[in-house]
Amino acid sequence: MGAEVQHVPGAIYCVGRNFVAHVRELGNTVPGQPVIFLKAPTSVRGLQPAPMAFPTETYSHELELVLRLGRGVPLGAAAGWTDVDAVTLGIDVTRREVQNQCKEARLPWTPSKSFAGSAVLGPFVPTHARAPGPIAFSLTVGGELRQQADTARMIFDVPTVLTHIASLGPLRPGDLVFTGTPQGVGPLSVGESFELVLQLPDETIRMPGVL
Ligand code: MG
């Protein structure tokens, strides 16, 4: 297992609407290309309690597979698992009401997605620039299973997502990509316990945490 989060990454790209059942649960339409947004690097925190902006709000949890770039990808180049050096699970902590207000006002989502503590990250697991095969992942909150998915159900797979992001600009080593949440998003408050479970073909890694 990799080390706990120790560095501030460069860019944190996030994919929206990458699982059909989640697109439907929020009343959105299935996109024709990946929906990309950003979190500030200062959004990152680990699995143990850490300062959160808006600590008294009830957030919405979005379980996601997170990729770490192991090497740079030039602008416009095809990218894929060979450019990824590690994976982990994360929670895209979301202020859903604020996001809905932003959508209604046709304003950027940033205040709902990028704030201190909004990018929860487990320890990174090396993938050694190889495709790891199917990955299953789940989130329990207070012992209750909330979200469960696998990479085969992504609308846009990892190479498609990375290549799309590289069409916007070069990727750099250490950049992170949140690859989208499956259905089952729900409430999560400061102090609540959760467990992320990452199932690689040859290894299951449990990552307990507290928001
Ligand atoms: Mg998300």
Side-chain angles (χ1 to χ4, degrees), residues 5 9 11-47 52-54 57-69 84 87-103 107-122 124 135-141 145-158 160-162 164-165 168 175-189 192 194 196-198 207 209 211:
V5 177
I12 306 174
Y13 295 94
C14 304
V15 182
R17 306 179 188 174
N18 204 19
F19 288 85
V20 170
H22 171 65
V23 172
R24 296 207 172 118
E25 77 179 343
L26 292 190
N28 293 315
T29 52
V30 175
Q33 61 180 17
V35 174
I36 305 294
F37 63 94
L38 288 161
K39 286 179 185 280
T42 49
S43 302
V44 165
R45 50 157 284 172
L47 298 177
M52 298 284 295
F54 319 107
E57 288 189 18
T58 300
Y59 304 105
S60 182
H61 57 72
E62 296 193 359
L63 164 70
E64 309 203 11
L65 178 71
V66 181
L67 316 172
R68 188 178 70 194
L69 272 290
V84 174
V87 298
T88 191
L89 295 179
I91 302 176
D92 168 10
V93 179
T94 300
R95 303 167 73 203
R96 190 71 66 200
E97 260 181 50
V98 173
Q99 186 190 29
N100 288 337
Q101 290 163 4
C102 291
K103 283 181 181 173
L107 292 171
W109 295 344
T110 308
S112 70
K113 288 289 195 177
S114 179
F115 53 90
S118 68
V120 174
L121 289 173
F124 281 93
I135 300 174
F137 48 104
S138 65
L139 168 71
T140 59
V141 177
L145 180 63
R146 295 278 184 88
Q147 293 187 274
Q148 189 169 32
D150 58 75
T151 46
R153 282 190 270 172
M154 288 178 170
I155 297 169
F156 302 105
D157 64 11
V158 165
T160 302
V161 165
L162 291 176
H164 182 75
I165 295 171
L168 305 172
D175 285 351
L176 303 180
V177 181
F178 280 67
T179 57
T181 197
Q183 71 277 16
V185 299
L188 184 65
S189 301
E192 278 196 284
F194 59 84
L196 306 163
V197 181
L198 176 65
M207 308 174 179
L211 193 71

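Ligands are counted one by one from 1 in listed order, and the atoms in each one are counted from 1 as well. Note that this is a predicted model, so its numbers are computed, not measured.
Checked by atom type and distance alone, the side chain of E64 pairs as donor or acceptor with a backbone atom of G180 at under 3.5 Å. Between the side chain of E25 and the backbone N or O of G184 there is at least one donor-acceptor pair closer than 3.5 Å. Side-chain N or O atoms of S118 include one that pairs as donor or acceptor with a backbone N or O of K113 at under 3.5 Å.
Taking 2.8 Å as the limit, the number of protein N, O or S atoms around the Mg ion (ligand 1) is 3.
Using a 30° and 60° split on the angle between ring planes, F115 and Y59 fall in the parallel class, below 30°.
In terms of heavy-atom proximity, R17 sits nearest to I155 at O-CD1, 3.6 Å.
Under the 4.0 Å criterion applied to side-chain N and carboxylate O atoms, E62 and R96 are assigned as salt-bridge partners.
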